[in-house]
Amino acid sequence: MMRRGFALLGGTFDPVHRGHLALAEAALEALPILRVDFLPAGDPWQKKRVTSAFHRVTMLRHALQYDPRFRVDEREVLRPGKTYTIDTLEAIRRRTGDSIPVVLLLGSDQWNNFSTWVRWREITDFAHIAVAAREGVETALDEAVRRWAAERTVEPRRLSEKGAGYVTFFSMPPHRTSATAVRRTLATQPLVEALKRLERDLPPAVVQYVLENGLYRPISYRQKQT
Ligand code: ATP
C-alpha cells in the first residue's frame, strides 16, 4: 500500500476517549494515509456546556503524546466564532497544494447528518471522505447524499490516487463509549464507581488530567476540594 497524505478527525473531544483513538487506529490500518490529525472544534455556540478549549486540547495532547502518527490541529480553537468544516478544509488545501490526499474521517452518526452540513456537496472538492461504521448507529442516509456518494465511492486503497474527490467506507472494532456517557458518569456517580468507567473508556493520562482538574464533577464536589 502506497501511503500519502493524512486524515482529519474533527470532534468536540469533551473528553477524547478510546472510541476516538480506535477510530484513528482503524483509519491508519484501512486507508493509505501517513497520519491522523485530530481537529478539536472551537467553543461551539450550539452546545450549551462544553469544557474550555484549553482543557480539551490539553487532554488530546496527553492522549496522543507517544504516537507520532497522531497530531493535534488547533486551527479551529484558535479562530474566534463558529468554523464550518468546508472553510477549514479550504484553508488546509491552500497549504498542501492540490495533489496531497486529505481525508475527512466521519463516524456513521456524523455521516447520517451529512446533508445538514454547510455546502456539503463541495466537501469533496477539497478532501476525500472516509466513513467508519460506529457501533449502535444504523446508516440512515438522505436519498440525495446516498446518490451523491454512490457516484464517487471507491475502495479505500484508491484514496492515494489523488488529493480529493472520493468517498470510501471502512470498518472498526466496536467501541460503545461516548463522551456524553463519560461526562454523565462523572456528574452522577460516586468517584469510586466513576473510576471504573474512566479506566475503561479513557487513556490513563486523560484519567489523571480529568481527576486533577475536577472536570465533569458536580459543582458541590469541586467546592469541597478547595
Ligand atoms: P458526544 O458524546 O459529546 O457527542 P462523541 O463521543 O460522539 O461526543 P465527538 O467528539 O463528537 O465524540 O466525535 C468525534 C468523532 O468521533 C465523530 O466522527 C464520531 O462519530 C466519532 N466517534 C466518537 N465516539 C466513537 C465510537 N465509540 N466509535 C466510533 N466513532 C466514534
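As the structure lists them, so they are numbered: ligands from 1, and atoms in each ligand from 1.
- Atoms CZ and CZ, on Phe6 and Arg71 in that order, are 8.5 Å from each other to the nearest 0.5 Å.
- Ligand-side atoms of ligand 1 in range of Leu23: 16 (O), 21 (C), 30 (N), range being under 4.0 angstrom from any heavy atom.
- With a heavy-atom cut-off of 4.0 Å, Thr180 touches ligand 1 through backbone and side chain alike.
- Taking every heavy atom of Arg183 and a limit of under 4.0 angstrom, the matching atoms of ligand 1 come to 3 (O).
- Not a single donor-acceptor pair under 3.5 Å links the side chain of Glu212 to the backbone N or O of Tyr209.
- If you number the atoms of ligand 1 from 1 as listed, the ones under 4.0 Å from a heavy atom of Asp109 come out as 19 (C), 20 (O).
- Formation of a donor-acceptor pair under 3.5 Å by the Arg56 side chain with backbone atoms of Phe13 is not found in this model.
- By the ring pair (Phe, Tyr, Trp, His ring centres under 6.0 Å) test, Phe70 pairs with Phe38, sequence neighbours left out.
- Of all non-hydrogen atoms in His55 and Leu215, the two that sit nearest each other are CD2-CD2, 3.6 Å.
- Judged purely by atom type and a 3.5 angstrom limit, His128 uses its side chain to pair as donor or acceptor with the backbone of Lys162.
- Across Arg93 and Ile100, no two heavy atoms sit closer than the pair NH1-O, 2.8 Å.
- Ligand-side atoms of ligand 1 in range of Gly11: 10 (O), 14 (C), range being under 4.0 angstrom from any heavy atom.
- Atoms of ligand 1 found under 4.0 Å from any heavy atom of Gly10, numbered from 1 in the order shown, are 14 (C), 15 (C).
- At least one heavy atom of Thr12 sits less than 4.0 Å from an atom of ligand 1.
- Residue Asp14 has no N or O atom closer than 3.5 Å to an N or O atom of ligand 1.
- Counting the atoms of ligand 1 from 1 in the order shown, those under 4.0 Å from a heavy atom of Ser178 are 2 (O), 6 (O).
- Summarising the contacts of atom 13 (O) of ligand 1 with His17, Arg18, Arg184, His20, the nearest heavy atom is found in His20.
- Distances below 4.0 Å separate heavy atoms of Met172 from the following atoms of ligand 1: 28 (N), 29 (C).
- Residue-to-ligand polar distances keep Ala133 apart from ligand 1: every N/O pair is separated by 3.5 Å or more.
- Taking the salt bridge (Lys or Arg N to Asp or Glu O under 4.0 Å) definition, one finds that Arg157 meets it with nothing, sequence neighbours left out.
- Of the options Leu186, Thr51, Val182, a side chain to side chain contact (heavy atoms under 4.5 Å, CB included) to Val210 is made by Leu186 and by none of the others.
- Ligand-side atoms of ligand 1 in range of His175: 26 (C), 27 (N), 28 (N), range being under 4.0 angstrom from any heavy atom.
- Every N/O-N/O distance between Arg176 and ligand 1 stays at or above 3.5 Å.
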